[in-house]
**Student:** 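Questions regarding the structure given below will be posed in turn.
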2 protein chains.
Amino acid sequence: MGKRASAELGTGRADEGLGGNGRDEAIYRNLFVAIVENHLAPGTKLPEDTLAETYGVSRTSIRKVLQRLAHERLVDVRLNRGASVAQPSVGEARDIFSARRIIECGAIPQVVAKATPAKLDVLRELVGREHAAQDRGDWRESIYLSGAFHVELIRLSGNETLTDFLTQLVSRSSLVIATYGSPQTASCRHSEHDDVIEIIAGGDVDGATRWMDRHLRDVERTVVLVEEEPAPADLKKILEEVAQRRPKLR
Amino acid sequence: MGKRASAELGTGRADEGLGGNGRDEAIYRNLFVAIVENHLAPGTKLPEDTLAETYGVSRTSIRKVLQRLAHERLVDVRLNRGASVAQPSVGEARDIFSARRIIECGAIPQVVAKATPAKLDVLRELVGREHAAQDRGDWRESIYLSGAFHVELIRLSGNETLTDFLTQLVSRSSLVIATYGSPQTASCRHSEHDDVIEIIAGGDVDGATRWMDRHLRDVERTVVLVEEEPAPADLKKILEEVAQRRPKLR
DNA sequence: ACTTCACACATTGGATACACTTTTATATCA
DNA sequence: TGATATAAAAGTGTATCCAATGTGTGAAGT
């Protein structure tokens, strides 16, 4: 496991101001990483008492953490049915990548304006760790660091609100990849991220924007979003139509 | 009070999938509107007991609602100190408007692509209600509807994720206006919103984008973001500096 | 043998109770 | 009078308890 001192996915401004003590935070973090790194597959049930005794706390604290994850759309919580790891629909997946293009491309001008050599070095170090993880075949760490790179890049814009949004989108992207993508093709191509750092260092706003747009479309292409959704809401209508066509079954 | 059947601020996709009972939802809604319409001033304490007996439920439910509002950054929750209506800092305010420009301008192409006469009529109806509220001097309703217009406009893009983000940004904008703006100048100029509908109806992507950018800068200009933050951390330093200049007061 | 109903089990939702922290009020002393 | 320490209060954090809901199994009836 690599160190994650400089850049932690999901440890943004979102922590402050919402009253979490250290223990809750640790539980949240643990679950967050487990979901984002795909140790817990989408759809996995998350029973409250199991988690409660796992972490040695009462269900009250667990419920708080689950609600937070639910609000970040990493888990689904249905009434009287408990929580499970979210399974983004195809439409949701498209929306997520579309939103990422808008936000990440839109923030590029400010990123370029505020980039300093020191900050770019932090990014380079992150890419270095990403490559190392990729070379050793640790695809979980690789995906995690790839996401962290995107978040840290936008963090350079200085806009914490936007960075929080992107953190959410990037985590959900991991779920999309886990649901619709093959693990191999999922992570960004080797040495992709290097390029954009130099483009930004050169102050080329348009170039960086174009790079980001193309890059995100490439990532989206690695997941298969062709199949249509089951559309559970239409189930009743469909069955009624079928009943119409075959009035008396027996 | 005007009807709000067609467009409700804060009633987006965010409700589904996070296990909200009807009663909780009503409480959330009530508090949400109270904050966004500025019936509760920024900084107002929100004690759990008070809210609990107000709505006739236990603190458990109240805490759930407060956590949700905290995650939407409409309330601040500090450890062992309870919740209070959020007071966006100047930096936060800038971030919010900057993020709005990126998201709302960035979504315009898809909005124009997906706009239909029927959907534009819904927007026109919303603007009509906004004007009515403005004419009768109901500035609370006016601000609310102005925000709803921006949200519904972006909803036309079909991107629910992005619409949820914008809903949050628009609600927080209301807090910014309540904190830093004068109520009169806060709402958009009369008949501003009419224009963009026609630009979109004409299919003019660039025009609509430019309109949105200018419009959001205008709105931002109606609030005063010049004063530096009180920075309570610097209080001690300030006092020490004063002490330096006037060593022995008595 | 298959369907249906009913009961038992498991799990979640909500309320109460208790422990701890922060804040305020009061009293004592300089 | 003013400041500080102590004690009471108000309020929050967590655990436990009970009720409500969903799920699964088994018995009874056709």
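The figures that follow rest on heavy atoms only: side chains count, while hydrogens, waters and symmetry mates do not. Residue numbers begin at 1 in each chain, while the letters A, B, ... track the order of the sequences.
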**Student:** If a pair satisfies ring pair (Phe, Tyr, Trp, His ring centres under 6.0 Å) and one of its residues is in residues 75-99 of chain B, list it, with sequence neighbours excluded.
**Tutor:** none
**Student:** Can you tell me if A:Ser98 and B:Gln110 form a side-chain donor-acceptor pair at under 3.5 Å?
**Tutor:** yes
**Student:** Looking at C:dG14, I'd like to know if its phosphate oxygens (OP1 or OP2) sit under 4.0 Å from a side-chain N or O belonging to B:Asn21.
**Tutor:** yes
**Student:** If we check salt bridge (charged side-chain N to carboxylate O under 4.0 Å, His left out) with B:Asp24, which of these qualifies: B:Arg63, B:Lys64, B:Arg29?
**Tutor:** B:Lys64
**Student:** Looking at C:dT11, I'd like to know if its phosphate oxygens (OP1 or OP2) sit under 4.0 Å from a side-chain N or O belonging to A:Lys45.
**Tutor:** no
**Student:** Rounded to the nearest 0.5 Å, what separates atom CD1 in B:Ile96 from atom OG in B:Ser89?
**Tutor:** 8.0 Å
**Student:** Between atom CG in B:Asp49 and atom P in C:dA15, what is the gap in whole Å?
**Tutor:** 14 Å
**Student:** Under 3.5 Å, is there a donor on one side chain and an acceptor on the other for A:Arg100 and A:Ser173?
**Tutor:** yes
**Student:** At less than 4.0 Å, is any side-chain N or O atom of B:Lys64 found next to OP1 or OP2 of C:dG13? Yes or no.
**Tutor:** no
**Student:** In whole angstrom, give the distance that lies between atom CD of B:Glu48 and atom C1' of D:dG13.
**Tutor:** 9 Å
**Student:** So how far is it from B:Thr60 OG1 to B:Glu48 CD, rounded to the nearest 0.5 Å?
**Tutor:** 9.0 Å
**Student:** To the nearest angstrom, how far is B:Ile27 atom CD1 from C:dG14 atom C1'?
**Tutor:** 12 Å
**Student:** For DNA chain D, determine which residues of residues 53-63 of chain B have any heavy atom closer than 4.0 angstrom to one of its atoms, and list them numerically.
**Tutor:** B:Arg59, B:Arg63
**Student:** Nearest 0.5 Å please: distance from the NZ atom of A:Lys45 over to the CZ atom of A:Arg81.
**Tutor:** 9.5 Å
**Student:** Tell me yes or no: between the side chains of B:Glu72 and B:Tyr28, is some donor less than 3.5 Å from an acceptor?
**Tutor:** yes
**Student:** Enumerate the protein-to-nucleotides 21-24 of chain D contacts in which both atoms are nitrogen or oxygen and the separation is below 3.5 Å.
**Tutor:**
unit_1	atom_1	unit_2	atom_2	d
D:dT21	O3'	A:Asn80	ND2	3.3

